[in-house]
Amino acid sequence: MTESDREEVRERWTPTREEYTQLWNDSRLSIPPLLRIPAAALTAFSVGMTLGLAHGSKMAGLRFRAEHAHRLPTTTTGWYLYHKSKNYHLAYGGLKEGLKVGARLSVLSTAMFCAENLFDVYRGTKDLFNTVMASLAVAGGFSFWNRFSAAETARTARKGLKFGLAYGAIQDVLSLAKGRPVGYVEFIRRHLGKATQLEEKAT
């Protein structure tokens with residue numbers, strides 16, 4: 001490839017300032033997918049890490065107390081070593097559970113946001129229906145992976161549906177506030193406009 005060919009390819013794949021601004025304006029939450037998806041994964045990991053750390057350290061402390069209830073120390077040195085060992089178990093248990101929960105939430109959020117973006121591209125519009133479909137798809141995949149029963153699968157699907165409706169509605173409200181088109185809103189407007197035109201012609 002010659003230098004001129006490289007320059008041509010570089011110019012072709014380098015967006016102009018107007019295209020760059022339009023990309024941000026048209027994206028969900030005014031954040032392009034290449035930034036929104038990693039940010040969501042990082043946020044989910046941070047939340048999962050915090051929750052897992054708190055729960056894991058608590059459970060590790062209870063487990064340590066149960067395991068050593070029959071042989072409590074009787075000396076000052078013994079109590080010092082007891083609490084030192086307990087703190088170690090608390091930190092290890094919390095960190096282990098935090099990493100596990102954080103990684104799980106990060107994977108789920110990444111899958112959900114990727115699926116949502118795929119539906120956006122496929123349907124050519126951005127609205128809560130894409131968010132709901134993405135949430136249900138991830139909930140179904142999560143249930144299948146964990147081999148949930150029918151009742152557990154239905155419960156997980158309901159949670160996914162509620163999350164998709166709530167999060168999708170929030171995004172749609174923000175999109176309307178920013179002046180971005182929302183699929184079903186534009187559909188209703190078009191049909192109302194057609195109905196109005198037919199009424200005017202009839203009169």
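Numbering starts at 1 and runs along the sequence shown. Because the structure is predicted, anything quoted here is derived from the model rather than measured. The figures that follow rest on heavy atoms only: side chains count, while hydrogens, waters and symmetry mates do not.
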| query | Among all residues two or more places apart in sequence or in another chain, which pass the side chain to side chain donor-acceptor pair (under 3.5 Å) test with N117? | reply |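 Scan of N117 (side chain to side chain donor-acceptor pair (under 3.5 Å), adjacent residues dropped) gives none.
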Should [X] and [Y] be regarded as members of a common hydrophobic cluster, given that ILVMFWY residues are connected when their side-chain heavy atoms come within less than 4.5 Å of each other, either directly or indirectly?
X	Y	value
L42	L35	no
I31	V121	no
L165	L176	yes

Which side-chain N or O atoms in residues 60-69 pair as donor and acceptor under 3.5 Å with protein atoms at least two apart or in another chain?
from : atom 1 : to  : atom 2 : distance (Å)
H68  : ND1    : F64 : O      : 2.9

Would you list the atom pairs, donor with acceptor, under 3.5 Å between side chains in residues 87-96 and any protein atom, with sequence neighbours excluded?
from : atom 1 : to  : atom 2 : distance (Å)
N87  : ND2    : H83 : O      : 3.2
H89  : ND1    : S85 : O      : 2.8

For residues 133-155, which side-chain N or O atoms pair as donor and acceptor with protein atoms under 3.5 Å away, sequence neighbours left out?
from : atom 1 : to   : atom 2 : distance (Å)
S135 : OG     : T131 : O      : 2.9
S143 : OG     : A139 : O      : 2.9
N146 : ND2    : F142 : O      : 2.8
S149 : OG     : E152 : N      : 3.4
S149 : OG     : E152 : OE1    : 3.4
E152 : OE1    : S149 : N      : 3.1
T153 : OG1    : S149 : O      : 2.8

For [X] and [Y], work out which heavy atoms get closest and say how close.
X	Y	result
W79	P73	NE1-O, 3.2 Å
F113	A40	CE1-CB, 3.5 Å
V182	S175	CG2-CB, 3.9 Å
D172	K126	OD1-O, 4.3 Å

Is any side-chain heavy atom of [Y] closer than 4.5 Å to one of [X]?
X	Y	value
L53	E97	no
R36	P33	yes
E116	D120	yes
V107	F45	no
Q171	L29	yes

| field | salt bridge (Lys or Arg N to Asp or Glu O under 4.0 Å) partners of K162, counting only residues at least two apart | value |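 Expected list: none.
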| task | Measure the spacing between CE of M112 and SG of C114 and express it to the nearest 0.5 Å. | result |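 Reported value, rounded in 0.5 Å steps: 10.5 Å.
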| Approximate separation, where rounding is to 0.5 Å, of L128 CG and I170 CD1 |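 L128 atom CG to I170 atom CD1 measures 11.0 Å (nearest 0.5 Å).
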| said: Ring-plane angle category for F163 and Y167, please: parallel below 30°, perpendicular beyond 60°, tilted otherwise. | reply: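 Parallel.
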| field | Residues that, via side-chain heavy atoms closer than 4.5 angstrom, fall in one hydrophobic cluster with L105 | value |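 V101, all in the cluster of L105.
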